Amino acid sequence: MAKEYNPKEIEGKWQKEWEKSLIYRALDSSKKPKYYALIEFPYPSGDGLHVGHPRPYIGIDIIARKKRMEGFNVLYPIGWDAFGLPTENYAIKTGKDPRIVTKENSDTFRRQIQSLGISFDWSREINTTDPKYYKWTQWLFLKFLEKGLAYKAKMAINWCPKDKIGLANEEVVDGACERCGTPVEQKEKEQWMLAITKYADRLLDDLDTVDYPERVKTQQRNWIGKSEGALIKFDDIEIFTTRPDTIFGATFIVISGKEDRFTGRYVTNPATKEKIPVWEAEYVMSDYGTGAIMAVPAHDERDMEFAKKFSLPIVENYTPAGFEDYGKKVIKYKLRDWVFSRQRYWGEPIPIVHCDKCGVVPVPEKDLPVLLPEVKNYQPTDTGESPLAAIEEWANTTCPKCGGKAKRETDTMPNWAGSSWYFLRYCDHENDKEFASMDNLKYWMPVDWYNGGMEHTVLHLLYSRFWNKFLYDLKLVPTSEPYKKRTSHGLILAEGGEKMSKSKGNVVNPDAIVERFGADTLRLYEMFMGPFEQAIAWNEESLVGPRRFLERVWKLKDKIYQGKALEDTDYQGLALVHQTIKKVSLDIESMGFNTAVSTLMIFTNTLDKQEKVSQKEFETLLILLAPFAPHITEELWEILGHKDSIHLQKWPVYDPQKIEKDEITLAIQIDGKVRASLTVSRGQSEDEIKTAVLAMSEVKKWLGGKEPKRVIVVPRKIISIVT
RNA sequence: GGGCGGGUGGUGAAAUGGUAGACACGCCAGUUUUAGGAACUGGUGCCGCAAGGCAUGGAGGUUCAAGUCCUCUCCCGCCCACCA
């Protein structure tokens, strides 16, 4: 009785074996060329992993595994982006220490991810909430401060008057507090800011040097929002416009305001010399341009609407002006500086001390990290300050400069901080002298392929590019851009097509799938279910397809013989082998995982139809399948008698000469409709084919004795007859 | 309003301008001396007994040939959004 396919047994066995043999370890120096593959590190939420999480991990795993087999020294790391609101809110609710919650959650995530056989280098695991990590996040902040790119400014924050806490933008839903529904107010507060706008131009221009999807570049460009316009003075009111040439049509001025009303003032239009009224309106943004515009109703729809509503003059035919006749050329951006303070507990403490005598004093490097102290209450204070402000023994300190009494900064950093540089830390994760050594960074950077969600293509990507560029200017990192290539994956939705969420109760846990079908089946299904970039609904029924496929592969081992291979027997077989290698190789590179899997299925089905299967071809199949289904292929590789891992084998190369079949069936179209087919061989000339086609009885029938007007022979494709 | 995707069988989907529906799910019939399916074999776009005809949201166009290119139009999804 042949041994049955038992995924549970072989998957556990090989996962342990790989951990021992260290075959997925990245080496910091190697004769091989390097390859840095990256996924966005997850936030270890209390809900555990759902089947959507691994989709990008599997996709990039396939690429990482193929690169290894192609002779690259591959870095494919993972860690935890563990600071953040859900954990903090959970702590507020339960009083449980977020450190413990984070530990539990990341332990669960790790166990779940490890059960999928993804070739992460677990020895480089990082955690943004680990003091050994956030020491360097703090250090990097001090660099920004040192170079004048971190500064304090009064900013309006979202404030819930009922809960008396500051809210992150994400917690404001339709202008109201997410948890109590009270309308959110704006409250002025001193905030730390990072001057990302200083890098606006380079963040924009350097998009031309990277391989991102065009829509991601467009989103980044729109977010930066560079526009060229002019500042024009209407007496003492300065306005910004991108169309200074329309100034002769400007019939009133609008300044930003809470309600639509006439201010009672008039100013002079410098072009027409006419007195025009100054209005206030909601539709003008206070934080863009100068917060004031010249209204040209004939040219701008919103101006027109406003003019009609309040019966303001409209001039339809006006003389165009020159660009700089009445003002000076200026470049404006939509991009704002980054508000870097949070009045929250679960984040990196900002390493600053406030001294009455010395002012803002950075915590000296030797005193880093500034540890997040333990507290009893995680709730922000009544005044909207971080809970850290309530811990006097922590907040009261001495000034590092003068030794006098001083207070610590009690704001923490936003969630984005740790993720803005984590890809650098992976290159040298244990370094306690530097955030990462230049030697290691020079070896590994830039990231060769970075895959993540569409929801991060604006902020996270922009922020991390900004940090990297800043560090590049300080000569602390070797490349101006951190990521050479960026791709995105689609979400996996619940069976009904809705987003998976705990509250809807439609979350599918991968543990259950691994238990029932095995990790290899789950991996294969997630790759096969549809195009990688596209959102797609989970379908439990369809999992049996990939499982049956693996069963078929498993059974092939009982038909092995050491004889003539399929590709030795005829051109058809030869072509199939080489076509399969080509298609699978190219599909992996272009993330066409679904069609790569179907190609492997076709190859397997063909082998399965043979009485006997040559070991040579079976091994080709296993090697091509190995990145997708690492456990079953490793087991079969061992059964075939190999002592080394299949994952260390050479990726096969196809021979372009051997891809073409010697015989091909051409379709014959008559007036655009397929009426017959003809099998021709490699060497046949067009004329020979033409003669053969016209002699066919089927063709004669459709021609009905008429002479064809044209006969078009498209080599290796089709024959088209026009009557 | 802007930007980007999409619309192909019962379902997920394939298809350098060249035989639309590969591959898979489901379904149908049969096989495996009972049952079961995470087993096997065959069938399966629609209409038609057949010959054949019709089919890629809709309407036109270019072409020997269009899911694919062009024009118009309808619908769906996502992201951004009074950014002058």
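Naming: A, B, ... by sequence-line order, numbering from 1 per chain. Model, not experiment: these values are computed from the prediction.
- As judged by a 4.0 angstrom heavy-atom cut-off over every strand, Pro531(A) is placed among residues touching the sugar-phosphate backbone only.
- The residue among Asp300(A) and Thr218(A) whose nearest nucleotide of RNA chain B lies closer to the 5′ end is Thr218(A).
- Side-chain contact, Thr457(A) with Tyr212(A): no donor N or O sits under 3.5 Å from an acceptor N or O.
- Checked against C54(B), C64(B), A13(B), the side chain of Lys673(A) finds its nearest nucleotide in C54(B).
- Residues from residues 327-335 of chain A that place a heavy atom under 4.0 Å from any atom of RNA chain B, listed by number: Lys334(A).
- Note on Arg55(A) versus Glu526(A): no salt bridge recorded, every NZ/NE/NH1/NH2 to OD/OE distance being 4.0 Å or above.
- Gln669(A) comes within 4.0 angstrom of a base, heavy atoms only.
- Using a 4.0 Å cut-off between charged nitrogen and carboxylate oxygen, Glu551(A) and Arg547(A) count as a salt-bridge pair.
- For the pair Glu214(A) and Arg221(A), the salt-bridge criterion is met [side-chain N within less than 4.0 Å of a carboxylate O].
- Not one side-chain nitrogen or oxygen of Arg547(A) sits closer than 4.0 Å to the OP1 or OP2 atom of A39(B).
- Ile62(A) places none of its side-chain heavy atoms less than 4.5 Å from the side chain of Met591(A).
- The nearest whole Å value for the distance from the CZ atom in Phe252(A) to the C1' atom in A84(B) is 12 Å.
- Phosphate contact (OP1/OP2 of C83(B), side-chain N/O of Thr242(A), threshold under 4.0 Å): absent.
- Nucleotide A84(B) forms a pair with no other nucleotide shown, judged by Watson-Crick or G-U wobble geometry with both contacts under 3.5 Å.
- At a cut-off of 3.5 angstrom, counting only N and O atoms as typed in the model, there is a donor on one side and an acceptor on the other between the side-chain of Ser720(A) and the base of C64(B).
- Enclosure of atom CD in Gln684(A) by more than 12 non-hydrogen atoms of other residues, nucleotides or ligands within 6.0 angstrom is indicated.
- The phosphate of C78(B) (OP1 or OP2) has no side-chain N or O of Lys499(A) nearer than 4.0 angstrom.
- For C54(B), the paired nucleotide is G45(B), the pair qualifying as Watson-Crick or G-U wobble because both relevant distances are below 3.5 Å.
- Pair check for C78(B) finds G3(B); Watson-Crick or G-U wobble, both atom distances under 3.5 Å.
- Taking the side chain of Met601(A) as heavy atoms from C-beta on, and the options A24(B), A15(B), A84(B), the nearest nucleotide is A24(B).
- Separation of the C1' atoms belonging to A66(B) and U19(B) is 14 Å when rounded to the nearest angstrom.
- Base orientation of G9(B): syn, since the glycosidic angle falls within 90° of 0.
- Comparing the same atom, P, in G57(B) and in C49(B) gives a spacing of 28 Å after rounding to whole Å.
- Within the shown strands, nothing qualifies as a pairing partner of G21(B) under the Watson-Crick or G-U definition with both distances less than 3.5 Å.
- Nucleotide U31(B) forms a Watson-Crick or G-U wobble pair with A39(B), both donor-acceptor distances falling under 3.5 Å.
- Closest-nucleotide positions on RNA chain B for Ala537(A) and Arg710(A) were compared, and the one nearer the 5' end corresponds to Ala537(A).
- When both distances must be under 3.5 Å, the Watson-Crick or G-U wobble mate of G9(B) does not exist.
- OP1 and OP2 of A84(B) both lie 4.0 Å or more from every side-chain N or O belonging to Tyr283(A).
- In terms of phosphate contacts, Gln534(A) brings no side-chain nitrogen or oxygen within less than 4.0 Å of OP1 or OP2 of C78(B).
- Following rounding to the nearest Å, Tyr525(A) (OH) and C23(B) (P) show an atom-to-atom distance of 19 Å.
- Within the structure, every side-chain polar atom (N or O) of Lys609(A) is placed at least 4.0 Å from both OP1 and OP2 of U41(B).
- For the C1' atom pair drawn from U11(B) and G45(B), the interatomic distance equals 13 Å after rounding to whole Å.
- Atom CD of Glu533(A) and atom OG1 of Thr487(A) lie 8.5 Å apart (nearest 0.5 Å).
- Across all strands shown, A14(B) forms no Watson-Crick or G-U wobble pair with both key distances under 3.5 Å.
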Distance-only check: which donor-acceptor pairs under 3.5 Å involve side-chain atoms of residues 281-289 of chain A, not counting sequence neighbours?
{"unit_1": "Tyr283(A)", "atom_1": "OH", "unit_2": "Asp303(A)", "atom_2": "OD1", "d": "2.6"}
{"unit_1": "Tyr288(A)", "atom_1": "OH", "unit_2": "Ser227(A)", "atom_2": "OG", "d": "2.9"}

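- The pair Lys217(A)-Asp208(A) does not meet the salt-bridge criterion, since no charged nitrogen lies less than 4.0 angstrom from a carboxylate oxygen.
- Across the strands present, U68(B) finds no partner; the criterion is a Watson-Crick or G-U wobble pair with both atom distances under 3.5 angstrom.
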